[in-house]
Amino acid sequence: MGRLAFPAPAWQDHRVSEPRTVTDPADPRLADYTGLTDVELRRRREPAEGLFIAEGEKVVRRALAAGYRMRSMLLTPKWLDVMADVIAEADAPVHVVDPALAEAVTGYHVHRGALASMERLPLPDAADLLAGARRVAVLEGLVDHTNLGAIFRSAAALGMDAVLLSPDCADPLYRRAVKVSMGAVFAVPYARLDPWPAALDTVRAAGFDLLALTPAEGAVDLSALAPHRLPRAALMLGAEGDGLTRHALAAADHLVRIPMAHGIDSLNVGAAAAVAFYAVTTAP
């Protein structure tokens with residue numbers, strides 16, 4: 001896959017990775033990091049500009065290891081030694097700021113002390129992901145970045161091969177989703193299914209059984225279906241509260257549920273995803 005092309009910033013030269021102290025929060029070199037708490041702004045800006053923000057040492061390292069190219073890095077002084085090897089290899093400017101300036105620029109307390117602006121990669125085609133997969137998650141309408149990040153973390157930990165997103169799902173590379181996933185959004189390939197729900201036919205055509213997770217009457221216990229024995233399984237999950245839409249439920253091959261005790265009707269979607277991923281990937 002080719003990378004998106006971006007013009008090199010004017011301040012870059014042959015020593016781009018040499019750390020430079022920045023003292024002005026309005027410095028244009030820090031433009032990628034401004035207003036990170038404005039969710040709507042970031043939703044519009046980051047995909048449009050082809051960037052996302054990686055926060056924290058582990059997340060930055062995992063993004064680089066996954067093949068994402070760094071545009072720049074923003075560090076508070078105490079992180080210079082920790083990130084020394086990354087700085088040495090970086091072909092991008094490294095901005096050093098004190099914690100108060102970092103907070104003034106980003107709009108929040110940057111307690112992890114290390115941020116990197118990264119270039120996005122083009123999304124793969126859903127059919128290409130399905131060709132080499134056996135276990136996939138299909139998410140509909142998940143707009144909560146915390147839940148999305150948690151699902152990606154579980155998908156990576158429990159051996160899911162890919163995640164497919166309806167067009168209205170949140171951006172997996174939004175800062176909060178990346179942070180909650182601990183960088184797992186870089187480990188599990190994902191694609192958009194569009195148009196929705198008609199594109200579910202692409203999943204079925206690839207040989208997958210569509211399993212819709214729902215507490216609705218008529219759903220069978222997930223374990224009774226023995227999903228780990230299915231040659232290919234696509235586990236469908238909907239948004240917190242609303243669940244899957246009736247159109248998505250109608251497209252499923254099976255309606256399945258996780259048995260509940262003590263009068264609890266359902267789990268948080270992130271917790272439900274982890275339980276269901278284990279069920280479809282692991283033999284009892």
Side-chain angles (χ1 to χ4, degrees), residues 66 123-174 177-178 180-194 196-197 199-215 219 222-223 225 227-245 247-249 251-258 266-282:
L123 285 184
D125 183 75
D128 292 338
L129 284 188
L130 292 167
R134 293 185 61 250
R135 297 290 184 263
V136 301
V138 179
L139 309 182
E140 180 188 34
L142 263 79
V143 297
D144 184 282
H145 294 99
T146 298
N147 284 333
L148 190 64
I151 289 172
F152 266 88
R153 187 172 182 179
S154 294
L158 296 169
M160 300 297 284
D161 297 315
V163 175
L164 302 177
L165 308 167
S166 68
D168 56 346
C169 278
D171 177 15
L173 294 185
Y174 179 71
V178 174
V180 171
S181 80
M182 290 296 293
V185 294
F186 311 133
V188 183
Y190 67 92
R192 296 277 178 180
L193 279 177
D194 194 16
W196 182 269
L200 288 170
D201 290 341
T202 303
V203 184
R204 184 177 287 105
F208 285 82
D209 283 283
L210 294 169
L211 314 181
L213 197 64
T214 173
L222 182 57
S223 59
L225 189 65
H228 61 284
R229 298 186 184 278
L230 295 172
R232 287 183 160 183
L235 188 64
M236 301 166 59
L237 298 112
E240 186 77 19
D242 294 335
L244 292 164
T245 63
H247 297 292
L249 292 171
D253 297 306
H254 305 279
L255 303 185
V256 296
R257 65 182 179 87
I258 299 170
S266 64
L267 297 172
N268 165 275
V269 66
V275 172
F277 293 165
Y278 184 80
V280 301
T281 58
T282 307

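Heavy atoms only: backbone and side chains are in, while hydrogens, waters and symmetry mates are out.
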* Structure fact -> Of Ile151, Leu148, Val163, the one forming a side chain to side chain contact (heavy atoms under 4.5 Å, CB included) with Pro172 is Leu148
* Any chance you could measure Arg192, atom CZ, to Asp168, atom CG, to the nearest 0.5 Å? => 8.5 Å
* Are the side chain of Thr281 and the backbone N or O of Leu158 linked by a donor-acceptor pair below 3.5 Å? -> yes
* Would a distance-only check, ignoring hydrogens and angles, find a side-chain to backbone donor-acceptor pair under 3.5 Å from Arg204 to Ala251? -> yes
* Asked: Would you call Phe277 and Thr282 a side-chain contact if the rule is heavy atoms closer than 4.5 Å?
  -> no
* When rounded to the nearest 0.5 angstrom, what distance separates CG in Leu225 from CG in Leu255? -> 10.5 Å
* Leu139 side, atom CG; Leu235 side, atom CG - distance, nearest 0.5 Å -> 9.0 Å
* Got a second to check how far His228's NE2 is from Leu222's CG, nearest 0.5 Å? -> 10.5 Å
* Which atoms form the tightest heavy-atom contact between Gly149 and Val180, and what is the distance? -> C-CG1, 3.9 Å
* Asked: If you look at every heavy atom in Leu244 and Met236, which pair is closest and at what distance?
  -> CD1-O, 3.7 Å
* Closest approach of Leu249 to Ala212 (non-hydrogen atoms, all atoms of both residues) -> CD2-CB, 3.9 Å
* To do: Could you tell me whether a side-chain N or O of Arg135 sits under 3.5 Å from a main-chain N or O of Ala155, the two making a donor and an acceptor?
  => no
* Could you please spell out the steps behind the side chain to side chain contact (heavy atoms under 4.5 Å, CB included) verdict for Val280 and Leu230? => CA-CA 8 Å; Val280 301; Leu230 295 172; over 6 Å; no
* pair Leu164-Val203: side-chain heavy atoms closer than 4.5 Å -> yes
* Asked: Any idea how His145 and Tyr174 line up, ring-wise: parallel (<30°), tilted (30 to 60°), or perpendicular (>60°)?
  -> tilted
* Can any side-chain N or O of Arg134 pair as donor or acceptor with the backbone N or O of Asp161 at less than 3.5 Å? -> no
* **Tyr190 and Leu173: CA distance, side-chain angles, deciding distance, side chain to side chain contact (heavy atoms under 4.5 Å, CB included) verdict** => CA-CA 11 Å; Tyr190 67 92; Leu173 294 185; 3.4 Å; yes
* Considering all heavy atoms of both residues, which atom of Ala170 and which atom of Leu165 are nearest to each other, and what is their separation? -> O-CD1, 4.4 Å
* Worked check of side chain to side chain contact (heavy atoms under 4.5 Å, CB included) between Asp144 and Val269 -> CA-CA 10 Å; Asp144 184 282; Val269 66; over 6 Å; no
* Whether Ser181 side chain and Val178 backbone form a donor-acceptor pair below 3.5 Å -> yes
* Asked: Minimum heavy-atom separation for His247 to Pro197, with atom names?
  -> CB-CG, 3.9 Å
* How many angstroms lie between CG in Leu193 and CG in Leu200, if you round to the nearest 0.5 Å? -> 6.0 Å
* Asked: How close do Val185 and Ala177 get, heavy atom to heavy atom, and via which atoms?
  -> CG1-O, 4.4 Å
* Checking side chain to side chain contact (heavy atoms under 4.5 Å, CB included) for the pair Met160/Ser154: CA distance, chi angles, key distance, verdict? -> CA-CA 8 Å; Met160 300 297 284; Ser154 294; over 6 Å; no
* Asked: Hey, does the side chain of Asp209 reach the backbone of Ala233 with a donor-acceptor pair shorter than 3.5 angstrom?
  -> no
